[in-house]
Amino acid sequence: MKNNGKLAVLGSINVDHILNLEQFPQPGETLAGQQYQVAFGGKGANQAVAAGRSGADIAFIACIGNDDIGQRIRRQLADDGIDVAPVAAVNGESTGVALIFVNADGENSIGIFAGANAALTPEYLVQHHQVIADADILLMQLESPPETVLAAARIARQNQTRVILNPAPATVLSDELLSLVDIITPNETEAQILTGVAVTTDDDAAKAAAVLHEKGIGSVLITLGSRGVWLSEQGNGQHIPGFRVKAIDTIAAGDTFNGALSTALLEKKTITESVHFARAAAAIAVTRRGAQPSVPWRQEIDRFLLTRG
Ligand code: ATP
Ligand code: RIB
């Protein structure tokens, strides 16, 4: 196991078009929104930003389109403390897009267009093999081609790089991929899709975690929205509650949690301490609108923990 404090994130970059409405439109219905925002997003980029702003030494492997907004995103990622050398502009592709409705309860509904994210192929990954090999931790999600996620996990395992997988958006995954994962962070829906166990109680969470341990994953963190996290290590489970805050928009709560979790683990905090740090970062994020605009910087997390911790 390495302990060089380096993080590699592999994942998506999107431009988020966010419309706030009282309620989600039904099929055939048109509703006027109260607020519209274009913000930088994508699960990979959000997690990279959360790691960068919270203090990680991080490189991001991703693709943007050969367009103006892609260049702006790349510059913003660099300003967020991220090594963007492995972020390529792909000719003939547009930067990924997410169309997001947010209702009055702060819940969201998202449609995505992959665009340049589809060009993050195993062939592209070959050029950046060393970024994964050198890292202590590789953090991934599932908005990238599945064959690339698997290839990256194989490179990580061959080089003793720990793999954190945030299995979002929800989908069924192969046993091979799961066997290469060290820490998995599904929300309740994703946990149910991966395990067949509907997660509503602590007992359910423990059962779902057991299924994932059986697949070879040492640490299972099931995120439970405002209720916090079920943390299970080799079958020893505990419920860690969420901080009480007034949530206005939960976009990127999970992403902020994963990025900050990675930072804390790289700083050699225990997994319980790392969850504590990550749930503080995510609690701050849900009090703000948008994906990357909501992600806190390290001083904000430290200050929150001093007053609320
Ligand atoms: P999203 O898709 O909205 O980004 P997610 O479904 O991947 O999020 P959640 O389980 O909703 O993930 O949230 C991740 C973490 O963020 C939770 O474990 C919790 O620590 C924190 N969190 C989420 N919602 C709230 C909230 N309303 N209040 C406080 N903390 C929250
Ligand atoms: O997790 C939130 C992200 O999901 C948004 O930023 C959007 O781009 C979608 O990918």
Side-chain angles (χ1 to χ4, degrees), residues 16 18 20-24 35 39 41 43 46-47 49-50 53-54 100-110 141 164 166-170 183-195 197-209 212 219-232 237-264 271-296 300-309:
D16 292 350
I18 307 166
N20 292 82
L21 312 122
E22 269 308 305
Q23 62 209 46
F24 296 128
Q35 196 164 336
K43 293 187 188 300
N46 298 342
Q47 295 186 15
V49 166
R53 289 188 192 167
S54 60
I100 306 181
F101 290 131
V102 179
N103 72 11
D105 296 325
E107 296 166 326
N108 58 65
S109 166
I110 306 182
Q141 330 69 37
I164 304 180
N166 175 228
I183 300 175
I184 196 161
T185 60
N187 66 13
E188 291 147 297
T189 311
E190 292 144 11
Q192 178 170 2
I193 286 178
L194 290 174
T195 66
V197 180
V199 177
T200 43
T201 64
D202 284 0
D203 268 1
D204 300 332
K207 280 186 197 132
L212 293 165
S219 303
V220 178
L221 283 70
I222 302 176
T223 63
L224 310 167
S226 59
R227 291 193 298 117
V229 182
W230 179 262
L231 166 62
S232 179
Q238 60 170 312
H239 177 223
I240 302 178
F243 282 104
R244 277 178 177 273
V245 290
K246 186 167 167 25
I248 59 160
D249 172 345
T250 65
I251 298 171
D255 296 333
T256 303
F257 181 89
N258 279 279
L261 178 81
S262 303
T263 298
I271 193 142
T272 308
E273 291 165 347
S274 299
V275 168
H276 182 57
F277 181 79
R279 76 188 171 123
I284 298 170
V286 301
T287 64
R288 301 170 177 171
R289 290 189 199 283
Q292 286 162 43
S294 75
V295 174
E300 297 175 287
I301 306 169
D302 287 343
R303 208 177 313 129
F304 182 95
L305 282 168
L306 264 181
T307 53
R308 302 284 301 268

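Within the model, atoms CG of Leu212 and OG1 of Thr195 stand 6.0 Å from one another, a figure rounded to the nearest 0.5 Å. Going from atom CG of Leu221 over to atom CH2 of Trp230 covers 11.5 Å, rounded to the nearest 0.5 Å. To the nearest 0.5 angstrom, Ile164 atom CD1 is 5.0 Å from Leu261 atom CG.
Proximity of Val245 to Arg308: side-chain heavy atoms (C-beta onward) are separated by under 4.5 Å at one or more points. Using a 4.5 Å heavy-atom cutoff, the side chains of Arg279 and Ile240 are in contact. In this structure, Asp249 and Ser294 have side chains that are not in contact, with every pair of non-hydrogen atoms separated by 4.5 Å or more. With contacts defined as side-chain heavy-atom distances shorter than 4.5 Å, the pair Thr223/Asn258 does not qualify. Looking at heavy atoms from C-beta onward, Ile301 lies in side-chain contact with Leu305 at the 4.5 angstrom threshold. Taking the side chain as every heavy atom from C-beta outward, Leu224 and Glu188 approach each other to under 4.5 Å. Between Thr185 and Pro167, the closest side-chain pair of non-hydrogen atoms falls below 4.5 Å.
By the ring-ring contact (aromatic ring centres under 6.0 Å, His included) test, Phe243 is found to be paired with His276, Phe304, residues two or more places apart in sequence or in another chain being considered.
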- Item | Derivation and outcome, side-chain contact (heavy atoms from CB on, under 4.5 Å), residues Gln47 and Asn166 | CA-CA 10 Å; Gln47 295 186 15; Asn166 175 228; 3.0 Å; yes
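Side-chain N/O atoms of Asn103 and Gln23 include no donor and acceptor closer than 3.5 Å.
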